[in-house]
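Atoms considered below: every heavy atom in the structure, side chains included; atoms not considered: hydrogens, waters and symmetry mates.
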Amino acid sequence: MTTISPYGSWISPLSAAEASAAAARFDGARYVGDEIWWGESLPDEGGRTTVRRAADDGTAIDVLPAPWSARSRVHEYGGGSWTTSDDGRLFFVEKTDQRVWMLRPGGEPVALTPVDDRARHGGLRWQAGTLLAVREVHDDSPVPRRSIVAIPLAGGEVRELVTGSDFLAQPALSPDGRRLAWVAWDHPDMPWDRTQVRVAELDDGLVSTWRTVTSGATAALQPEWDAACRLVFVDDPTGRWNLRREDAASPEGSVPVAPADADTGGGLWVLGVRWYAPLADGGFVAVRTNGADEVVRIGADGVVAATDVPARSRVVVEDVAGSRALVSGAGPGITGIWEIAPDGRARLVRGTPSGLGAEWIPPVRPLTVPGPHGGVHAYDHPPTSPDFAAPEGELPPYLVLVHGGPTAHVGGVADSRITFFTSRGIGVLEVNYGGSTGYGRAYRERLRGQWGVVDRDDVAAAASGLAAEGRADAARIAIAGGSAGGWTVLAALVGTDVFSAGISRYGVGDARLLATDTHDFEARYLDGLIGPLPEAEALYLERSPLGHTEGFRVPVLLLQGADDAVVPPSQAEAIRDALAAKGVPHAYVLYDGEGHGFRRAENVIHALESELAFLGEVFGFETPGVPAITLS
């Protein structure tokens, strides 16, 4: 029997704790002999990242025991914090000292790199019997010294293979060990703007000469070596990231491999991320993105075949073995790791479904609405419950989710966080505003020089378009986002009248502070998003939400990590003080021990419950089972 109850007050079987558990954070997966190992963040252990394998009964066994935690801090976002050798040796970057360690099965970790408080490591790869890493050394220079290094396993000095660029990533050693390929770029570019793929000849394990493969006018990524030892990479000279193979006979120096009107590639925010992998038969397994992600197999003859991997967002290729492949990503109600068989069938290796039946999962509706800068892509997740319905004539409240980056994208997946709200009668609208990846270079460059304008206008247009369709209550639309998404939240609150409430997770309030107080990876990011300083200082003031505090009129929830090095707490506290000075209802929650993103179970749960309680307080509905929130 269906119960009639106002939107937002529906009773859901999905608690914040269950939603958090279903949104597991995986960090890589590898084939190790006949086993599959994966990295996993453990919220119940303070966010420690372990490496696990499956026991015979299917339960997970820690390969990396507590208190060890595999987490890199290169570029602050890290990535590639662990890998393995063929015989099951685990190599990992320990979070506390950023050194590389080796763990043999049944043994104790042994340090492979020396004690050096200035050095960080990440992007680990084991190839052709060599352990590669990206090393970052913080000294008195304004830009840390970065290099690709080879780390000996039996002691001895770490060998620096290449350096000479502000940033280096994605090293790939040829199967014969004679050539090294990598990606390089320099300030003020970001890796989705302009990069180079380079190749070095190795002589006795050291670089003798190197050459540039790509023009430097495009954003080439992820060099690999195919089964025939030919160089393959992704590049976007056509405006789409597609696979290309080096070919000296081509005027362009490379030829496309199965070109498509979709992206195989994305924002290189973390080291170690990969969007394709060569297979032993000469083909590839690859992610293709056009809004949503899909995983395909590309045969050696160029024929493309679909797979049945259910993940549609945040999908990456983790590893291959022969013609099998491991991928991770988010699908409806689950974040997981899947193995793809040669026939394209996928089986779940690791992942915790939300436990809800299909009747609780909202039907995802992609939509494109007109905006002042062109069409805006979004995904609508309406309120969905088999047990409840709203009174006739009532329109639902909506939460507009703004992804971070801003060079990221969402694939329209009703994950556990979205279902946490929709199962309670709150609709969710995810917006891929201009600047998002997944729609080609032209769409992501819509934001160039226009951060704080295009993103603000696009989220407002998407929300207004939904309300104009009669699908959302225009008076009860909230907006939420983290990091760069938090900036867009604040910009939309002070610059439009579309939203009735806002939730900012570690959001940027003052672009000048971000430019001067953030880490090196993003130190020049704003040159492209707004303009170079000091020439563009007036524009920074004009765009920053803290420059328009008179525009704050609706309630705001601020959530912040105390140890955030990307967007320090001073940003959230300046917004809090501005809200208090104007008498705008607000709440500020500071989580000790958290950085740029929340990892501890108690904080992840508290943040999600606080968001629901905040919406209930502002929009006037009960939130059963969730503690009330007090607004100052």
Minimum side-chain heavy-atom gap Val287-Glu294 below 4.5 Å: no
Shortest non-hydrogen separation from Ala484 to Pro406 and the atoms involved: CB-N, 3.5 Å
ring-ring contact (aromatic ring centres under 6.0 Å, His included) between His409 and Tyr439, intermediate numbers included: CA-CA 9 Å; His409 86 283; Tyr439 300 95; 7.3 Å; no
Flag, side chain of Tyr525 to backbone of Pro188, donor-acceptor distance under 3.5 Å: no
Closest approach of Gly509 to Leu490 (non-hydrogen atoms, all atoms of both residues): CA-CD1, 4.2 Å
Rounded distance (nearest 0.5 Å) linking atom CG of Asp263 with atom CG of Asp293: 10.0 Å
Rounded distance (nearest 0.5 Å) linking atom CG of Leu326 with atom CD1 of Ile340: 8.5 Å
Phe598 six-ring centre to Arg600 NZ/CZ under 6.0 Å and within 45° of normal: no
Steps toward side chain to side chain contact (heavy atoms under 4.5 Å, CB included) verdict (Tyr77, Glu522): CA-CA 11 Å; Tyr77 293 103; Glu522 296 181 82; 2.6 Å; yes
Side chains of Leu631 and Val618 in contact at under 4.5 Å (non-hydrogen atoms): yes
Result of checking Asp235, Asp261, Thr289 against Arg240 for side chain to side chain contact (heavy atoms under 4.5 Å, CB included): Asp261
Residue pair Trp192 / Thr407, side-chain donor-acceptor N/O under 3.5 Å: yes
Side-chain donor-acceptor contact under 3.5 Å, His596 with Asp564: yes
Distance (rounded to the nearest 0.5 Å) between Trp269 CH2 and Thr437 OG1: 10.5 Å
Thr307 side chain vs Val296 backbone, donor-acceptor pair below 3.5 Å: no
Donor-acceptor pair between Ser15 and Glu18 side chains, under 3.5 angstrom: yes
Validation row: Phe619, Tyr7 side chains within 4.5 angstrom (heavy atoms): no
ring-ring contact (aromatic ring centres under 6.0 Å, His included) evaluation trace for His586 with Phe614: CA-CA 9 Å; His586 66 279; Phe614 172 75; over 10 Å; no
Heavy-atom closest pair, residues Thr264 and Val234: O-CG1, 3.3 Å
Aromatic Trp241 / basic Arg444 pairing, under 6.0 angstrom, 45° off normal: yes
Tyr433 backbone acceptor or donor facing Asp455 side chain under 3.5 Å: no
Flag, side chain of Arg48 to backbone of Ser41, donor-acceptor distance under 3.5 Å: no
Flag side-chain contact, heavy atom, 4.5 Å: Val364 against His381: yes
Results of side-chain hydrogen bond (donor to acceptor under 3.5 Å, both in side chains) for Arg476 - residues two or more places apart only: Glu394, Asp473
Check: Gln560/Tyr588 side-chain N/O donor and acceptor closer than 3.5 Å: no
Heavy-atom pair with the smallest gap, counting every atom of Ala478 and Leu615: CB-CD2, 3.6 Å
Rounded distance [0.5 Å steps], CG in Asp458 versus CG in Asn432: 10.5 Å
No-hydrogen, no-angle side-chain donor-acceptor test under 3.5 Å, His187 and Asp527: no
Presence of salt bridge, Glu40 and Arg350, under 4.0 angstrom: yes
SB check Glu611 Arg417 (cutoff 4.0 Å): yes
For the student: nearest non-hydrogen atoms of Arg448 and Asp193, plus distance: NH1-OD1, 3.7 Å
Donor-acceptor pair, side chain of Arg446 and main chain of Ala442, under 3.5 angstrom: no
ring-ring contact (aromatic ring centres under 6.0 Å, His included) evaluation trace for His377 with Tyr443: CA-CA 10 Å; His377 301 296; Tyr443 193 76; 5.0 Å; yes
Distance-only donor-acceptor check, side chains Ser12 and Ser423, under 3.5 Å: yes
pair Thr195-Asp189: side-chain heavy atoms closer than 4.5 Å: no
Side chains of Leu608 and Phe420 in contact at under 4.5 Å (non-hydrogen atoms): yes
Under 3.5 Å donor-acceptor, Arg312 side chain and Val309 backbone: yes
Heavy-atom closest contact (Thr384 atom, Pro363 atom, distance): OG1-CD, 3.7 Å
Polar side-chain atom of Ser313 near backbone of Gly411 as donor-acceptor pair, under 3.5 Å: yes
Spacing of CG belonging to Leu558 relative to CG belonging to Leu579, to within rounding of 0.5 Å: 6.0 Å
Trp82 vs Trp38, ring-ring contact (aromatic ring centres under 6.0 Å, His included): CA-CA, chis, key distance, verdict: CA-CA 10 Å; Trp82 69 277; Trp38 66 90; 9.4 Å; no
Residues Glu430 and His403: side-chain donor-acceptor under 3.5 angstrom: no
Heavy-atom donor-acceptor pair, Ser72 side chain to Val74 backbone, under 3.5 Å: yes
Side chains of His373 and Asp457, donor plus acceptor under 3.5 Å: yes
Expected output: side-chain Arg274 to main-chain Gly272 donor-acceptor under 3.5 Å: yes
Candidate pair Leu429 and Leu367, rule side chain to side chain contact (heavy atoms under 4.5 Å, CB included), full reasoning: CA-CA 10 Å; Leu429 181 70; Leu367 71 156; 3.9 Å; yes
Any donor-acceptor pair under 3.5 Å from Asp236 side chain to Thr238 backbone: no
From CH2 (Trp338) to CG (Asp308), nearest 0.5 Å: 11.0 Å
Pairwise side-chain contact, Gln222 with Tyr276, heavy-atom cut-off 4.5 Å (strictly under): yes
Arg120/Glu136 salt bridge by N-O under 4.0 Å criterion: yes
Under 3.5 Å side-chain donor-acceptor pair for Ser81 and Asp27: yes
Non-hydrogen side-chain atoms of Val431 and Leu401 separated by less than 4.5 Å: no
Side chain to side chain contact (heavy atoms under 4.5 Å, CB included) between Ile629 and Leu557, worked out: CA-CA 10 Å; Ile629 192 169; Leu557 172 63; 3.9 Å; yes
Qualifying salt bridge (charged side-chain N to carboxylate O under 4.0 Å, His left out) pairs, either residue in residues 360-383, two or more places apart: Arg365-Asp380, Arg365-Glu469
